[in-house]
Amino acid sequence: MRVLHTSDWHLGKKLEGQSRILEQKLFINALETVIKEENIDLILLAGDIYDTYNPSAEAEKLFFDSIKQLSLNGEVGIIIIPGNHDNPQRLTAVSHLAKDYGVIIYDSAFQEINIGKYGTLNIYNSVPGGIFIEKNNKKIYIYNLPFPSEATLNETFDDVKFNTRIKEILEEGVRYNNENIPSVVMTHIYVAGSMGEGEVALELGGSRAISTSDLPDVDYIALGHVHKPMCFANKKAYYCGSPIEYRVTENKFDKKVFVVDILKDSTTVKEIPLENYKPIREYDVIGADEAINKSLELIDKNEWIYLNVELEEPLTNSVIRKIKSNKNILEIVPIVKIKSKEIEVTNYNEQTLEEAFIEFYKEETMGLPPNDNITKLFLEILEEGESNETN
């Protein structure tokens with residue numbers, strides 16, 4: 001079966017208050033072209049369809065229009081799982097209408113989809129979280145796990161056992177396939193080694209990441225959650241990434257979707273590059289005059305712009321207005337050079353190390369004191385360092 005893997009649309013997302021809806025519409029149009037040219041049977045949309053739990057009416061309309069457009073009025077099947085940004089109830093609000101267009105939307109883990117016709121898809125068997133699909137005499141089994149949390153799994157687990165539980169869930173899901181047909185997993189998770197792109201990896205210090213060894217052995221794993229395209233070849237696991245740039249750090253890699261030919265024990269992946277409709281760029285200048293000139297130079301550029309301005313004194317309002325005449329400038333980032341001066345050094349010898357750390361922390365955070373856990377961690381690191389020196 002020929003599958004298109006996409007994810008992390010983040011419909012409705014803004015950049016410094018600027019709408020990205022036009023770029024997202026252009027992406028949907030381009031995706032329709034890919035679907036037609038590549039003769040796609042099935043689309044896997046691996047979560048984070050919306051950018052917020054309560055999307056705008058404009059974002060919802062774009063989603064509704066998109067699934068109709070991309071399904072080619074029911075000729076191409078679409079399977080959707082919610083990501084951590086999605087409100088599953090908002091996604092599934094159109095499920096009764098989506099069925100005629102071959103669209104299946106999960107709202108929870110372990111959900112059993114009704115057997116029957118979905119556009120040109122025949123769901124001939126259904127298990128908790130999984131569906132057996134037949135189309136044009138081709139069969140495939142897909143196990144779907146939305147973004148896993150205690151709430152979505154309806155379970156309580158400690159962080160140490162999180163990856164163990166996810167491994168169990170995925171393996172149990174794959175075991176439902178007792179037919180000699182290809183197995184696919186679609187889920188919205190962090191895989192260790194994918195941190196740092198897309199979502200900021202702060203969730204419990206990254207303890208909610210799973211290892212590649214926790215992933216099951218199947219014919220393809222469609223991942224969502226990370227905005228950079230990535231491949232874990234030994235597990236046939238792929239992040240296709242977000243379709244357009246959503247942060248300035250995302251201009252370091254190309255955007256793409258994957259077209260996957262899935263056969264039993266044989267998978268071929270084709271990368272389809274996507275056009276960057278309005279890149280996010282940073283420019284560095286020195287002084288007000290250079291900032292104004294750079295703004296005018298870029299005024300006809302189809303770019304979102306962050307302008308870093310090195311200054312010895314603040315910009316005046318009139319200068320800011322001249323720079324901002326370029327409506328694509330998202331933010332003027334002042335980099336102020338501080339003239340050298342004598343700095344009074346605190347005599348930390350009169351304080352305990354704990355008191356000195358607290359004072360230093362408050363200086364760096366504009367008066368906000370560290371919480372007990374941060375202070376405790378500092379003292380533990382300090383004690384460990386002293387222990388190593390003694391040894």
Side-chain angles (χ1 to χ4, degrees), residues 4-38 40 42-107 118-119 146-147 186 188 198-199 222 224-225 227 240-247 250 255-258 272-280 302 304 328 330:
L4 185 141
H5 172 200
T6 180
S7 74
D8 294 86
W9 291 1
H10 289 275
L11 300 180
K13 186 174 181 65
K14 295 184 177 182
L15 183 63
E16 309 295 349
Q18 298 293 322
S19 173
R20 313 296 299 281
I21 287 288
L22 176 57
E23 296 163 78
Q24 291 169 341
K25 287 180 178 178
L26 291 172
F27 156 67
I28 296 298
N29 291 338
L31 202 58
E32 181 187 8
T33 299
V34 172
I35 290 164
K36 291 176 178 178
E37 291 180 348
E38 297 292 334
I40 299 299
L42 182 66
I43 300 168
L44 301 182
L45 180 44
D48 280 356
I49 292 83
Y50 292 124
D51 189 56
T52 63
Y53 206 68
N54 294 303
S56 66
E58 187 179 32
E60 286 195 306
K61 183 179 186 303
L62 180 55
F63 171 60
F64 302 155
D65 292 343
S66 297
I67 59 174
K68 180 179 178 181
Q69 179 179 348
L70 298 180
S71 73
L72 306 184
N73 288 319
E75 289 300 313
V76 177
I78 306 177
I79 302 175
I80 301 171
I81 59 170
N84 55 303
H85 282 251
D86 296 315
N87 180 338
Q89 283 68 47
R90 298 294 285 268
L91 283 178
T92 56
V94 294
S95 290
H96 62 292
L97 298 175
K99 183 176 179 180
D100 291 338
Y101 293 104
V103 180
I104 298 168
I105 307 174
Y106 281 79
D107 62 16
Y118 292 75
F147 176 71
M186 178 165 62
H188 193 90
E199 299 288 344
H225 205 15
H227 288 194
C240 59
S242 57
I244 64 176
E245 290 179 4
Y246 286 125
R247 301 175 181 82
E250 293 181 31
K255 297 297 187 177
K256 58 189 70 174
V257 294
F258 297 133
I272 306 292
L274 298 173
E275 183 178 346
N276 194 347
Y277 301 104
K278 194 166 184 178
I280 305 172
N302 186 39
W304 296 115
N328 291 322
L330 297 165

message = Are the side chains of Ser66 and Trp9 in contact, using a 4.5 Å heavy-atom criterion?
response = yes
remark   = One should read off an interatomic distance between Leu26 CG and Gln24 CD, to the nearest 0.5 angstrom, of 10.0 Å
key: Over 12 non-hydrogen atoms of neighbours within 6.0 angstrom of NZ in Lys99   = yes
ask   = Do Pro88 and Phe147 come within less than 4.5 Å of each other through their side chains, counting heavy atoms only?
value = no
ask   = How about Val76 and Leu70: do any of their side-chain heavy atoms sit closer than 4.5 Å?
value = no
note = Rounding to 0.5 Å, atoms NZ (Lys13) and CG (Asp48) come to a distance of 9.5 Å
inquiry  = Check whether Thr92 reaches the backbone of Ser95 with its side chain - one donor and one acceptor, N or O, closer than 3.5 Å.
reply    = no
key: Approximate separation, where rounding is to 0.5 Å, of Thr33 OG1 and Ile28 CD1   = 11.5 Å
message = Go through it in stages, so that I can follow the logic: the residues are Leu42 and Ile79, the test is side chain to side chain contact (heavy atoms under 4.5 Å, CB included), and I'd like the CA-CA distance, side-chain angles, deciding distance and then a yes or no.
response = CA-CA 8 Å; Leu42 182 66; Ile79 302 175; 4.0 Å; yes
note = Looking only at heavy atoms, the pair that brings Ala222 and Ala46 closest together is O-CB, 4.1 Å
ask   = Please walk me through it: do Phe63 and Ile49 pass side chain to side chain contact (heavy atoms under 4.5 Å, CB included)?
value = CA-CA 8 Å; Phe63 171 60; Ile49 292 83; 3.6 Å; yes
Phe27 ring center within less than 6.0 Å of Tyr277 ring center = no
request  = Might you confirm whether atom NZ of Lys25 has over 12 heavy atoms from other residues, nucleotides or ligands at distances under 6.0 Å?
outcome  = no
Close side-chain approach of Leu4 to Glu38, heavy-atom, < 4.5 Å = no
query = Can you find a side-chain donor-acceptor pair between Gln18 and Asn328 that sits under 3.5 Å?
reply = no
task = Taking the side chain as every heavy atom from C-beta outward, state whether Glu60 and Pro55 have any atom pair closer than 4.5 Å.
result = yes
message = Let's go through Ile244 and Glu23 carefully: what are the C-alpha distance in whole Å and the side-chain angles of both, what is the deciding distance for side chain to side chain contact (heavy atoms under 4.5 Å, CB included) to 0.1 Å, and is it a yes or a no?
response = CA-CA 8 Å; Ile244 64 176; Glu23 296 163 78; 3.9 Å; yes
ask   = Any side-chain heavy-atom pair from Ile81 and Met186 closer than 4.5 angstrom?
value = yes
inquiry  = Would you compute the distance between atom CG of Asp86 and atom CG of Leu91 and round it to the nearest 0.5 angstrom?
reply    = 4.5 Å
Short side-chain to backbone donor-acceptor contact, His85 and Thr52, under 3.5 Å = no
message = What's the separation between atom CD1 in Ile40 and atom CD in Glu32, rounded to the nearest 0.5 Å?
response = 13.0 Å
key: Derivation and outcome, side chain to side chain contact (heavy atoms under 4.5 Å, CB included), residues Tyr101 and Asn73   = CA-CA 5 Å; Tyr101 293 104; Asn73 288 319; 3.6 Å; yes
query = Which residues pass the side chain to side chain donor-acceptor pair (under 3.5 Å) test with Asn54, sequence neighbours left out?
reply = Arg90
Contact check, side chains of Ile104 and Ile80, non-hydrogen atoms, under 4.5 Å = no
inquiry  = Taking the side chain as everything from C-beta on, heavy atoms only, tell me whether Glu250 gets closer than 4.5 Å to Ser242.
reply    = yes
query = Counting N and O atoms only, with roles assigned by atom type, does the side chain of Lys14 sit under 3.5 Å from a partner on the main chain of Ile21, one being a donor and the other an acceptor?
reply = no
key: Flag if over 12 foreign heavy atoms under 6.0 Å of OH, Tyr246   = yes
message = Under a plain distance cut-off of 3.5 Å, with no hydrogens placed, do Asp8 and His225 share a side-chain donor-acceptor pair?
response = no
key: Pairwise distance NE2(His5) to OG(Ser7) - rounded to 0.5 angstrom   = 5.0 Å
ask   = Between Lys278 and Glu245, does at least one N-O distance fall below 4.0 Å, as a salt bridge requires?
value = no
request  = Say whether Arg20 and His10, considering side chains only, have a donor N or O and an acceptor N or O under 3.5 Å apart.
outcome  = no
